[in-house]
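Contents: one structure, followed by commentary.
No experiment lies behind these values; they were computed from the predicted model shown. Just follow the structure's listing: the first ligand is 1, and inside any ligand the first atom is 1. By convention here, the first residue in the shown sequence is residue 1.
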Amino acid sequence: MRAWSQAERARGRRIGFVPTMGFLHEGHLRLMDRAKELADRVVVSIFVNPLQFGPKEDFTKYPRDLPRDQQLAEQHGVDCVFVPEASDMYPAEPLVRVSAGPAADTLEGAARPGHFVGVLTVVAKLLHIVAPDLGVFGRKDFQQATLVKRMVQDLDFPVTIDVLPTVRELDGLALSSRNSYLNPDQRRSAVALSRALRTVEQTWRSGEADPAVLQRRGMEVLRTPGVEPEYLALVDEDLQPVSRATPRSVAVLAARIGATRLIDNVVLGEGVAADPTVRA
Ligand code: AMP
């Protein structure tokens with residue numbers, strides 16, 4: 001991988017990189033299209049990273065379909081699909097890992113201890129291996145995108161990070177590889193996540209800036225049959241809780257639908273309706 005990148009760069013080509021865990025959907029494909037627009041060569045990695053899964057999480061059953069992923073990547077003009085084995089990425093248990101401190105211990109980090117150490121460690125390794133000029137991430141994983149941007153800034157990685165809006169289905173459900181776990185009833189319940197975000201956003205737009213009130217309104221909508229809310233919070237761009245909601249505040253949430261854990265978020269000033277939608 002590194003030799004390929006070095007050769008491309010020696011020819012003066014800018015490299016764009018989209019890290020994924022595969023089972024590609026339209027959300028991933030938009031990231032690839034953006035990388036294609038901004039760079040001369042596009043690399044996509046497909047790696048279900050064991051380091052970011054908790055012992056009771058879905059690492060072994062995470063959906064995988066490499067032939068289909070390779071075909072989709074090719075159709076979207078990807079030049080290189082990097083599919084390392086876990087034994088290549090982690091020939092030994094890594095002693096040194098990347099930690100973001102307290103900002104990684106809230107929200108997703110609180111629900112999934114160690115998750116962001118796993119994420120940042122693998123992203124750091126992938127950025128070193130692929131050595132891109134540009135990395136493209138999705139806002140769907142808001143805390144992840146924020147922590148990756150800060151890692152790159154704080155640790156002087158020579159790469160620009162671009163974050164794209166969440167791609168949604170027509171009813172508002174954010175695309176996710178994990179949506180494939182949902183049965184038809186659960187899929188219908190799952191619309192509660194984006195509905196709750198819309199409620200927060202509309203309540204804010206009607207003049208309410210108290211995060212406790214916004215949180216309560218959102219929770220009322222999230223708490224529907226079949227949906228078990230985990231958290232709903234209002235944070236700023238640095239993941240800190242806000243005392244008053246502003247257009248830059250982000251409503252972030254997680255909920256369980258049966259055994260499936262889903263997350264979503266909205267930037268209040270942008271709104272769910274501003275996100276791109278696709279037919280499933
Ligand atoms: P994953 O394969 O789930 O690890 O995601 C790989 C990249 O795709 C991450 O940067 C995600 O934030 C991004 N992504 C996942 N779902 C979406 C979506 N619905 N819209 C935009 N980006 C997404």
Side-chain angles (χ1 to χ4, degrees), residues 16-35 42-53 57-59 61-66 68-70 72-73 76 78 81-84 89 107-108 112 115-116 118-127 130 132 134-152 159-182 187 190-191 193-194 197 250 252-254 260-267 270 272 274-280:
F17 175 44
V18 181
T20 81
M21 297 203 299
F23 211 68
L24 301 179
H25 53 63
E26 194 67 33
H28 298 117
L29 299 176
R30 299 283 170 114
L31 307 185
M32 296 174 200
D33 292 345
R34 169 62 66 90
V42 176
V43 179
V44 169
S45 64
I46 296 175
F47 180 58
V48 184
N49 173 35
L51 214 61
Q52 72 189 64
F53 286 79
E57 293 182 358
D58 56 344
F59 173 70
K61 69 165 192 172
Y62 195 84
R64 291 161 168 91
D65 189 345
L66 188 56
R68 180 173 169 276
D69 287 350
Q70 280 169 322
L72 284 169
H76 283 257
V78 168
V81 182
F82 178 48
V83 192
M89 291 296 278
L107 309 170
E108 281 305 282
R112 307 181 66 186
H115 173 64
F116 287 117
V119 168
L120 294 177
T121 301
V122 81
V123 172
K125 285 169 68 78
L126 289 168
L127 290 174
V130 176
L134 168 76
V136 190
F137 291 78
R139 195 197 286 147
K140 156 79 178 8
D141 301 275
F142 175 72
Q143 192 174 10
Q144 166 178 290
T146 304
L147 294 174
V148 166
K149 274 196 292 192
R150 289 303 300 263
M151 172 179 79
V152 159
V159 62
T160 304
I161 301 296
D162 200 2
V163 179
L164 297 201
T166 301
V167 180
R168 300 177 179 280
E169 291 194 27
L170 296 180
D171 69 355
L173 178 68
L175 298 192
S176 164
S177 307
R178 289 191 169 97
N179 292 350
S180 64
Y181 296 146
L182 303 173
R187 171 63 189 82
V191 75
L193 279 76
S194 58
L197 294 175
V250 186
V252 290
L253 62 74
T260 305
R261 195 170 172 282
L262 298 178
I263 59 172
D264 200 354
N265 68 82
V266 66
V267 180
E270 297 190 18
V272 172
D275 288 338
T277 51
V278 291
R279 219 173 279 277

Self-check item: Ring-face cation of Arg34 near Phe137 (centre distance under 6.0 Å, axis angle within 45°)
Solution: no
Practice problem: May I ask you to list the atoms of ligand 1 that are less than 4.0 angstrom from any heavy atom of Phe137? | Solution: 10 (O)
Self-check item: Any Val152 side-chain heavy atom under 4.5 Å of Ile161 side chain
Solution: yes
Quiz item: Nearest heavy atom to atom 11 (C) of ligand 1: which of Asp141, Leu31, Ile46 does it belong to?
Solution: Asp141
Quiz item: What residues, two or more places apart in sequence or in another chain, satisfy side-chain hydrogen bond (donor to acceptor under 3.5 Å, both in side chains) together with His76?
Solution: Asp33
Exercise. Say whether Arg30 and ligand 1 are in contact under the criterion: heavy-atom distance to a ligand atom below 4.0 Å.
Key: no
Quiz prompt | atom 10 (O) of ligand 1 - nearest protein heavy atom and its distance | solution = Gly138 N, 2.9 Å
Quiz item: Which atoms of ligand 1 are found less than 4.0 Å from any heavy atom of Pro19?
Solution: 6 (C), 7 (C)
Self-check item: Option set Met21, His25, Glu169, criterion heavy-atom distance to atom 15 (C) of ligand 1, minimum
Solution: His25
Quiz prompt | For Leu175, the ligand 1 atoms whose distance to one of its heavy atoms is below 4.0 Å | solution = 16 (N), 17 (C), 18 (C), 19 (N)
Exercise. From atom 21 (C) of ligand 1, work out which of Pro165, Gly135, Ser45 has a heavy atom at the shortest distance.
Key: Pro165
Quiz item: Of the options Arg112, Gln52, Gln143, which is the one that meets Val119 in a side-chain contact (heavy atoms from CB on, under 4.5 Å)?
Solution: Gln52
Practice problem: Provide, to 0.1 Å, the distance between atom 23 (C) of ligand 1 and the closest protein heavy atom, together with that atom's residue and name. | Solution: Lys140 CB, 3.9 Å
Quiz item: Does Lys140 come within less than 4.0 Å of Asp275, counting only side-chain N to carboxylate O?
Solution: no
Quiz item: Tell me, which protein residue and heavy-atom name are nearest atom 20 (N) of ligand 1, and how many Å apart are they?
Solution: Val167 N, 2.9 Å
Quiz prompt | Sub-4.5 Å side-chain heavy-atom contact between Arg178 and Asp58 | solution = yes
Exercise. Would you mind telling me if ligand 1 is within reach of the side chain of Val18, the backbone, both or neither, using heavy atoms under 4.0 Å?
Key: neither
Quiz item: What part of Ser177, side chain, backbone, both or neither, has a heavy atom within less than 4.0 angstrom of ligand 1?
Solution: neither
Practice problem: Give the intermediate values and the outcome of side-chain contact (heavy atoms from CB on, under 4.5 Å) for residues Asp264 and Arg168. | Solution: CA-CA 10 Å; Asp264 200 354; Arg168 300 177 179 280; 2.8 Å; yes
Self-check item: Minimum heavy-atom distance Ala254-Arg261, with the two atoms named
Solution: CB-NH2, 3.6 Å
Quiz item: Hey, is Thr166 one of the residues with a heavy atom under 4.0 angstrom from ligand 1?
Solution: yes
Exercise. Could you list all the salt bridge (Lys or Arg N to Asp or Glu O under 4.0 Å) pairs where at least one residue sits in residues 17-28, not counting sequence neighbours?
Key: Glu26-Arg30
Exercise. Pick one of side chain, backbone, both or neither for how His28 approaches ligand 1, counting any non-hydrogen atom pair under 4.0 Å.
Key: side chain
